[in-house]
Amino acid sequence: MKTHVKALVVGGGAVGTSIAYHLAKAGWDDVMLLERDELTSGSTWHAAGLLPYFNMSYASSHIHDYSIKFYKTLEEETGLNPGFSVVGNLRMAQSQARMDEYMLYASTAETVDIPYEWMTPDQIRERWPLVRTEDLVGAIFHPTDGYINPADVTMAMAKGARQRGVTIERRWQVDGYHWTGDHWDVTCTKMVEKGGNLIASDEQIVIHAEHVVTATGNHAQRTAKLLGIKTPAIPVEHQFIVTEPDPALVEWRKQHGEHPVLRDVDARWYVREERGGWILGPYEDGAPSRFRYGVPDSFRADLFPLNLERIEQEYMDFIHRIPSTEEVGLKDDFNGPICYTPDGNPLIGPAPGLRNMWLAEGFSFGITAGGGAGYYLAQMMVEGEAEIDMASLDPKRYGNWMTSEYATAKNEETYPFLLKLHWPDEERPAARPLRTAPAYDRQAKRGAQFGQVNGWERPNYYGPLDAPQNYDEETNSFRRGGWWQHAVDEAKSIREGVGLIDATAFTKHIVKGPGAEGFLNWFTTNKLPKVGRINLTYALSSAGTTRTEYTIVRLKDDEFYLVSAGAWTAYDSDYLHKAIEDKEAEFGRIEVQDVTTQWGVFAIAGPKARDVLKAVICDADPETALSNKRFPWLSARQIELGMCPVNAIRVAYTGELGWELHHPMEMQNYLFDLLEKAGAEHGMKLVGARAQNWLRQEKSYRAFGTELGRDATPLEADLPRFVDLSKDFHGKAAMEKIGIRSTCVTLLIDGPDDADPWGREALYDMDGTRVGRLTSGGYSVAFGKSIGMGYVKPGGDAVGTKLQVKMFDKLWPAEIVEDSPYDPKNATIRIDG
Ligand SMILES: Cc1cc2nc3c(=O)[nH]c(=O)nc-3n(C[C@H](O)[C@H](O)[C@H](O)COP(=O)(O)OP(=O)(O)OC[C@H]3O[C@@H](n4cnc5c(N)ncnc54)[C@H](O)[C@@H]3O)c2cc1C
């Protein structure tokens, strides 16, 4: 057996097998896959094999699209038929809100070129008369997907991998990982069968691997323990039942083709044909998590007992939808572990804190996602980056604050949510509140309705006083929800008066030491600021795309304060630490410290922001302390607000006169009270994240995770002023080589009266040709209409270009406007006083 490989893939399910195949296809010729038991003996063997295109995430849509197309090519390549039944997927809707969800999805699907059709209830009945339709509003139909045989597709990928030189070894379990500083020494134990059990033998070997990928399915917790990291991948029970043949179906099939996979999403089940009967898969409430502390040794390709009681409602609804099933008995059942994560998306990418260690864990749709996950992960490993932005799937989106208790609660919540309405403005309640800054209680008393970002509770907007959390659940909408008017009032308060935003969740790092300046100069694209000044800058991936956006404050010659997006603390921290480790020898000693939880942040903004601060600043001359002369725009100063020492930064993400007030976390309540009292005289309003998101679009401020990500360079984001091409920086050559594939623009949109775009919609030119997509959307109080930001093809980005935005299956007029359509000259931000 080989003991030296370039890449070792651990786990022989659909995911690991696809990764091994794609690494070989991408050109790595020394790849090995280890499986502790038999290929497909994990969750893969008992999957129902459905391959639905439908997915609300842009990255996952690409992944599913790749899988579906790739699986269709496997037979030709390998001679093995993966059992792909291209019967299509019919997703039914019982309400207009559900149709709204499909229309939002469809607009995103168009940006990925996913084919779909709309169907009316009459059309459904005409084509598939066994389906009851009188209580349906409509459906979306994907004609080119369907279902596959999970074991056969895995075996076909395994054969394809072997043909490309991959070694696959079964009955070897990985039991230890040791990073030598240069490669991984992976300890593996030969597994043997004894009395039906799989047990460890005395035979062990150590494999020397440059790279390791773990795709260990339900064993993710054990893998994490072996690696000394944390992962929220914990399985939940998922069951499906198989019925006896349904005589009506058998009769109908004599003359007709197979039914598509049917989804009565509002009743929370899927159904497909199986040998004259049906497979019914419900996503019921109350499915428990499993294996929180690891998979017991005795559990192999096993199942849990069926819990029919739990799925009674879904079963009744199935009979309602396909009445011929009323008399049909049950033939078989499957209740197996299905791995979940708190947001339902898999964890794909570099492991936190480790070198050359890649995770592919937490797949709840691993058959559908396997092909694409392998393809894009192989791109990341071989070429340095995938062609799509994989940040939303990165394992580091959960920080060290995450525990198995949190993951269990969230995963159990996410499971039934799979088929619940995916409101774009929903906030799910499980495991909350968890990370709260001191002012949380005060904000709650003032009506704050919180959202969760990276575990933090952050006000989305302020509703009625003393309203319970999620009081507006009933008004969640794909259009303007119950929160919309509150956000309008808050946005106006910043444009016209003064508002206070809690930005405590921001990620904050201190980078200091003799090597700090040289390092940051190399690490980021912009010139470094002088002491007391700030700049906006980007750290690039090695592929030249945007890895992180930083606001850098220079505190001293050799000390810098880096502020980045709140959702990405562990993600940013990991990149920074690894880069420093790599470069310390070259630049000199560098210290880095994550101070996110030590510093709270309030952002005060609006024409009256200075008046509020003047009332509380301790200064020999409060009248001039905040003037342009003493506190210019884009500068930072240590000030005192009452008894609170504050590192104040004169920037405002809302584009209005304003300051970020970074303060010791333990003094937050004191500062909140002080500002609230002083603000009352000027009508200061508390403002949430939703209004802030609209306001930043009026200023064309790009946001990380939307306009900024690993699929575009800062030049494509049209930010050349923050890229100093006269210096050398990490990723520069790659960025220049990429050129401009698409350009970021801002649009004003004449959309429907009751809705704004969410930032996932397709963009068309006036001839109806698709030219790009929105990455952000919302409402502009300054212009009284919808606003959005997005990417269009180069050459089509001129100011004044008329475009159309696809919303609710219609095209709505839009126009590309100049960058920063509100106050393009930054006059209000720089106003003196
Ligand atoms: C009832 C049910 C129905 C489902 N239906 C669908 C569906 O219709 N469509 C869909 O897309 N998904 C479906 N799923 C989910 C799907 O089964 C999983 O997402 C998918 O199988 C995950 O594949 P994987 O390769 O990540 O994990 P697995 O298939 O579990 O493979 C992981 C492998 O790693 C091996 N391993 C673990 N630790 C080690 C180690 N230390 N050393 C060596 N080997 C190790 C295990 O033995 C295992 O074989 C369903 C799940 C269930 C429970």
Side-chain angles (χ1 to χ4, degrees), residues 8-20 33-52 55 63-64 67-68 71 89 145-151 153-154 157 169-177 186-189 191 198 200 207 212-227 233 235-242 261 270 272 279 281-283 287 290-291 294-295 299-301 303-304 306 333-341 346-348 359-374 415 418:
L8 179 70
V9 180
V10 186
V15 174
T17 313
S18 167
I19 293 165
L33 183 147
L34 290 191
E35 164 56 48
R36 67 188 292 277
D37 199 342
E38 293 295 336
L39 295 182
T40 77
S41 62
S43 273
T44 296
W45 81 267
H46 52 57
L50 310 183
L51 293 181
N55 190 287
I63 288 174
H64 291 192
S67 295
I68 288 165
Y71 295 158
N89 265 271
D145 59 9
Y147 67 90
I148 202 160
N149 185 317
V153 72
T154 308
M157 287 191 287
E169 299 285 352
R170 290 163 297 139
R171 298 287 169 89
W172 281 97
Q173 173 171 281
V174 171
D175 281 333
Y177 299 93
V186 182
T187 306
C188 313
T189 309
M191 304 299 284
L198 194 65
I207 296 179
V212 174
V213 187
T214 76
T216 57
N218 300 317
H219 296 256
Q221 290 304 316
R222 178 174 189 267
T223 300
K225 229 172 264 156
L226 292 176
L227 292 171
V236 175
E237 277 187 23
H238 176 48
Q239 41 191 357
F240 65 79
I241 52 176
V242 188
V261 177
Y270 59 76
R272 75 163 168 86
I279 283 182
Y283 277 88
R290 290 283 188 161
F291 309 147
V295 183
F299 193 93
R300 288 179 77 185
L303 293 168
F304 309 118
L306 174 73
D333 59 82
F334 292 78
N335 183 3
I338 188 167
C339 218
Y340 260 83
T341 63
L347 307 155
I348 309 174
L359 304 185
E361 305 284 2
F363 283 81
S364 56
F365 263 85
I367 312 304
T368 319
Y415 172 80
L418 182 79

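Remember, it's 1-based here, ligands and their atoms both numbered in the order they're listed.
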[X]: numbered ligand 1 atoms lying under 4.0 Å from its heavy atoms:
X      : answer
Phe363 : 18 (C), 19 (O)
Ile367 : 10 (C), 11 (O), 12 (N), 21 (O)
Ala215 : 32 (C), 33 (C), 34 (O)
Gly12  : 33 (C), 34 (O)
Pro337 : 53 (C)
Gly336 : 53 (C)
His219 : 37 (C), 38 (N)
Val10  : 40 (C), 42 (N), 43 (C)

Please write down residue, atom name and distance for the protein heavy atom closest to [atom].
atom                    : answer
atom 17 (O) of ligand 1 : Ser43 O, 3.2 Å
atom 43 (C) of ligand 1 : Arg36 N, 3.3 Å
atom 53 (C) of ligand 1 : His46 CE1, 3.1 Å
atom 5 (N) of ligand 1  : Ala48 N, 2.9 Å
atom 41 (N) of ligand 1 : Val174 O, 3.1 Å
atom 27 (O) of ligand 1 : Gly217 CA, 3.5 Å

Donor-acceptor pair, [X] side chain versus [Y] backbone, under 3.5 Å?
X      : Y      : answer
Ser43  : Pro337 : yes
His219 : Val295 : no
Glu361 : Thr216 : yes
Arg272 : Ala48  : yes

Which is closest to [atom] by heavy-atom distance: [options]?
atom                    : options                        : answer
atom 31 (O) of ligand 1 : Gly11, Gly13, Ala233           : Gly13
atom 26 (O) of ligand 1 : Leu39, Asp333, Val15, Val9     : Val15
atom 38 (N) of ligand 1 : Thr216, Asn218, Asp175         : Thr216
atom 7 (C) of ligand 1  : Thr44, Thr368, Leu50           : Leu50
atom 15 (C) of ligand 1 : Ala301, Ala373, Ser364, Pro235 : Ser364

Taking 4.0 Å as the limit for heavy-atom contacts, which would you say applies to [X] with ligand 1: side chain only, backbone only, both, or neither?
X      : value
Phe240 : side chain
Pro150 : neither
Ala360 : neither

State whether the shortest distance between N or O atoms of [X] and N or O atoms of ligand 1 falls below 3.5 angstrom.
X      : result
Ala14  : yes
Glu38  : no
Ala369 : no
His238 : no
Ile338 : no
Glu35  : yes
Phe334 : no

*Taking the six-membered ring for Trp, is the centroid-to-centroid distance between Tyr283 and His238 below 6.0 Å?*
yes

*Can a non-hydrogen atom of Arg222 be found less than 4.0 Å from any atom of ligand 1?*
yes

*Is there a heavy atom in Trp45 that sits closer than 4.0 Å to ligand 1?*
no

*Is a salt bridge present between Asp37 and Arg170, judged by a nitrogen-to-oxygen distance below 4.0 Å?*
no

